[in-house]
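Below is one structure; the comments refer to it alone.
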Amino acid sequence: MHRYFPHTDSDIAEMLKAVGLQKLEDLYAEVPEELKLSGELKLPESKSEAEIRKIFEELAAHNKPLTCFAGAGAYDHYTPSLIPYIASRSEFSTSYTPYQAEISQGTLMYIFEYQTLMAELTGMEVSNASMYDGSTATAEAMMMACAASKKRNKVLMSATLNPRVKDVVKTYAHFHGVDLEEVDAASNGLINREAISSKLSADDVAGLIVSQPNFFGLVEDFSGLADECHAHKTLLTINSPASTLGALKSPGEWGADIACGDAQSLGLPLNYGGPYIGYLCTSNSLIRKMPGRIVGQTVDAEGKRTFVLTMQAREQHIRREKATSNICTSQGMMCLYVAAYLSLMGPKGLREVNDNSFKAAHYLCKKLLQTGRFKLVFDAPFFNEFCLEYSGDVDGLIKKCAQEGVLAGVKIDDHKILIAATEKRTKEEIDHFVELTK
Amino acid sequence: MNNVYYGKLIFELSRPGRIGYSIPKDHTGEEGFAALPDSVLRKSPLRLPEADEQTVARHYTNMSNNNFGVDTGFYPLGSCTMKYNPKINEEMASLPAFTQLHPAQPASTAQGALALYYETQRALSEVAGMEAFTLNPFAGAHGELTGLMVIRTYHERRGDTKRTKIIVPDSAHGTNPASAAVCGLQIVEVKSTPQGTVDVEDLKPLLGDDIAGMMMTNPNTLGIFETKIPEIAKLVHECGGLMYYDGANLNPMLGVCRPGDMGFDVMHINLHKTFSTPHGGGGPGSGPVGVRKGLEDYLPNPQVVKKSDGTFAIEYGNEALGSVSPHFGNYAIIIRAYAYLLSLGRDGIARAGKLAVLNANYIKEALKSHYLLPIEGLCKHEFVFDGLRPEYGGDHHDDAHVTTLDVAKRLLDYGFHAPTIYFPLLFHEALMIEPTETESKDTLDDFITVMKKIAEEAKSDPAFVKASPHSTPVRRLDDVRAVKDAIFRFQFD
């Protein structure tokens, strides 16, 4: 007997009788004997809840959450307590992809809200129902650019993107057969406009991928970039952490064709790297090349406004190998997180989150420079993350701070470190961190 | 779940001036982002909702009442393994000592998290009969893609560049050919026999030195165990290809027969199916990939290794195929699966598959009097009906016949989720039922009674069934209009 299995011995006996068998093993009569497991699995016996709790307490004791000054794609913004409370409603969490729309309006409605919110934030016409994370969304954007161009197979990616994202995009490019070329950053840490112009002029580039703010936290000025891309029939993709779009010029305003990135910064817990949520937004003209699920508005038989999965002729379960992507997921639970987060924050709250993150980062940077042990690596303006050169060994700094309960940042090399701050970091926490570096 | 449609969007509840947030005051005295050059700042209005906290709480609570989950009722969605999602798993995944970990923090400060990842890898390797697992892929289809990348890397490293084709059965999940296409492979389809299994005679001429491998799920999408799997694996291996196991249908084989022992080289597991992590309205999932001995170095980065001193480290292997995720995939989903592995243990795992198979066969035998069973014999975790029997309004040649879609919609009226419909594509009126092991005989008996009742209704009053559902929050939706109108966001004006 097990708490998750409702079958009593008499149930099993009755059911076996109904199907004309003697014992449970008979259910596998057709499986060749030589394929069957001879003994038991080499795993522990089943545990009670109380025992599981103890095991997790032990594991948890070996983790040390730190006051977080790291970013590099995962930001420690505050999650309002209502959000996990709502998301834990099992009507939401234990449902699946809303195939039966009549009993799935809850899921369909929050995804429709998510699509609206992301389209609004990115300044694009349409959003899909989400992707796994920012890195795979960027890889999908790369493949989408090639598919939309039909004949071209080359994509340029600025070296200013997050290296972890670049690794994933490169992996996809290798296997998908995309000629992906990385364009070195300019010496000021920004995109290299000259090198990009020269490569675009060959008129064989399907897409260009840049990021804003870039990996070093620097704010780019993309004025004229979209026009230049379009003059060469190249699609422009801008990758951004979603939260910053509440403050910075949106991909739509820059004239981008695809906006993608990670929306973890919209209140998703750090969770040691996942689950996060990728977004991918584009223009109406590119919708048929877009990967992933999408929810559309329609009416029911009584004329009520309702919502349903639509545009499925692009997807794997209909088109198989001719689909725009293999993705089956919509990151439903995380769409709900994003929708609830932006509903609570509103335009004013998102502005304040960005403002306070910006202030905290700039205060921290100023204080660290004042210690005399750090130098700014780049002069360009930054948002809530910045790259510093440290006079000592970065590993040593990170280790020392971790012992004192502080995550100093993300190592770039032995002497460079990437540091971020969010609205959660108090002046006291920042001052404490600065003291540790002295 | 209630049957009164809520139907409002958060944008319609927005009132200028309301707020639902609280943010600590700034004490740094620094300038805000307005200090940035004007040319990089957002100018377009940001039309986000303005609402107080209670409004948002009620909004999503009311919305959830129009949703059906496993906790609401029986969810026999074929190929999706909608088993019970234990609540202890949720609680363990929400421990702050896990949720607050930043993915870039030093390994020395995340030893518990790394130990859990490592132990889950080991447990899945034992369950699947594989040498090693990566838990980095984000979902089942992402696992397929990663597994195919392993196969391509294996051939590339041997300098064998001719192998550009992959064999996929015509009954395969749609993700199989789609993942292969994303991975840059050409798809070669192998036919099924009338009994629904891979046609070995059709397979033989497809094999050659251009074949990278073959993708299969076993049991297949009809719920039938491919008894010729040893012969198929031998043939594919002899031609130099590798065997890929789509783990979507792993549940019935738990503790009975392992993919590694069937001759598969690479596979994925859907943690949201076999290992009970919640499906979350479509995600996040998790699709760990396992490989047999000799292929483990190709698994993607980053990798978690156990050092000789018993501590855990994060490594980037030179032989790896690259990265498919920046960190450790959907880590918080892996936590849930680990809690479930502990809950079941070796005894529970060995029993889960058998009970899932018992449940499926019990429904199949009880309903074949009313629904057309195209393939007789034992099924595994699921089986497929080809719609209603002709005597119950199911004559497929009659345009007015009661279809599988009609049966599915009528089931909703009775408080059941519908099975998977119109998949696999081998039958016109496919109705694919997977009950899982967590459903009781009482629930199955209720379902059987209702399915028979619907068949009787289809005979006596087909128009009524065709107009269903009648008692759900909304009635049948206009799919065509959704495509035609193409409204994918709220219309503010």
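Labels below follow one simple rule: chain letters A, B, ... track the order of the sequence lines, proteins then strands, and each chain is numbered from 1. For clarity, every value in this text was computed on a predicted model and none was experimentally measured.
With hydrogens and angles ignored, the 3.5 Å screen pairs a side-chain donor or acceptor of Asp300(A) with a backbone N or O of Arg475(B). In terms of modelled atom types and a separation under 3.5 Å, the side chain of Glu120(A) and the main chain of Arg489(B) share no donor-acceptor contact. When atom types are taken as modelled, the side chain of Glu30(A) and the backbone of Thr227(B) share no donor-acceptor pair closer than 3.5 angstrom. The backbone N or O of Ala97(B) lies less than 3.5 Å from a partner atom in the side chain of Asn63(A), making a donor-acceptor pair. Tyr5(B) places a side-chain N or O within donor-acceptor distance of the main-chain N or O of Arg305(A), the cut-off being under 3.5 Å.
Scored by the ring-ring contact (aromatic ring centres under 6.0 Å, His included) test, Phe358(A) finds His362(A), Phe383(A) as partners (sequence neighbours excluded). Evaluation of the side-chain contact (heavy atoms from CB on, under 4.5 Å) rule for Thr28(B) yields Lys359(A), Tyr363(A), Asp26(B), Glu30(B) as partners, not counting sequence neighbours.
Shown are Arg320(A), His317(A), Gln316(A); of these, the side-chain contact (heavy atoms from CB on, under 4.5 Å) with Thr175(B) is made only by Gln316(A). Paired with Ser90(A) under the rule side-chain contact (heavy atoms from CB on, under 4.5 Å), one option of Asn85(B), Asp71(B), Thr72(B) passes, and it is Asp71(B).
Neither the backbone nor the side chain of Ala180(B) comes within contact range of chain A; no heavy atoms are under 4.5 Å apart. Both the backbone and the side chain of Ser104(A) come within contact range of chain B, judged by heavy atoms closer than 4.5 Å. Both the backbone and the side chain of Leu16(A) come within contact range of chain B, judged by heavy atoms closer than 4.5 Å. For a residue to count as touching a neighbouring chain, one of its non-hydrogen atoms must lie under 4.5 Å from one of that chain's; by this rule Glu220(A) touches chain B with the backbone only. Within the 4.5 angstrom heavy-atom criterion, atoms from both the backbone and the side chain of Pro473(B) approach chain A. Looking at Ile318(A), there are no atoms closer than 4.5 Å to chain B (heavy atoms on both sides), in backbone or side chain.
With no hydrogens or angles considered, no side-chain donor-acceptor pair links His2(A) and Glu437(B) at under 3.5 Å.
Between Tyr60(B) and Tyr110(A), the ring centre distance reaches or exceeds 6.0 Å.
The minimum heavy-atom distance between Phe488(B) and Val295(A), with the atom names listed, is CD2-O, 3.6 Å. Pairing each heavy atom of Asp347(B) with each of Ser46(A), the nearest pair is OD1-N, 3.0 Å.
Per-residue heavy-atom pair counts under 4.5 Å with chain B were compared for Ala340(A), Gly20(A), Ala402(A), Ala129(A), and the maximum is reached by Ala340(A). Of the listed residues (Leu145(B), Leu344(B), Asn361(B)), the one with the most heavy-atom contacts under 4.5 Å to chain A is Leu344(B). Taking chain B as the reference chain and counting heavy-atom pairs below 4.5 Å, the highest number among Arg53(A), Met143(A), Met311(A), Lys427(A) is found for Arg53(A). The candidate with the highest count of non-hydrogen atom pairs below 4.5 Å against chain A, out of Gly322(B), Ala350(B), Ala115(B), Ala339(B), is Ala339(B). The most heavy-atom pairs under 4.5 Å with chain A, out of Ala110(B), Pro106(B), Ala486(B), Gly29(B), come from Ala110(B). Annotation: maximal heavy-atom pairing with chain B below 4.5 Å, among Asn284(A), Asp221(A), Val410(A), occurs at Asp221(A).
With a 6.0 Å radius and a threshold of 12 heavy atoms from other residues, nucleotides or ligands, Lys43(B) has its NZ atom above the threshold.
You'll find the side chain of Leu344(A) reaches within 4.5 Å of the side chain of Glu53(B), heavy atoms only.
Between Tyr132(A) and His142(B), the ring-plane angle classifies as tilted under the 30° and 60° cut-offs.
Atoms CG and CG, on Asn330(B) and Asp133(A) in that order, are 8.0 Å from each other to the nearest 0.5 Å. The distance from atom CD1 of Ile88(B) to atom CD of Glu49(A), rounded to the nearest 0.5 Å, is 4.0 Å.
Here Glu50(B) does not pair with Lys348(A) in a salt bridge; the nearest charged N to carboxylate O distance is not below 4.0 Å.
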Q | side chain to side chain contact (heavy atoms under 4.5 Å, CB included) between Met92(B) and Leu59(A), intermediate numbers included | A | CA-CA 11 Å; Met92(B) 296 303 100; Leu59(A) 288 168; over 6 Å; no
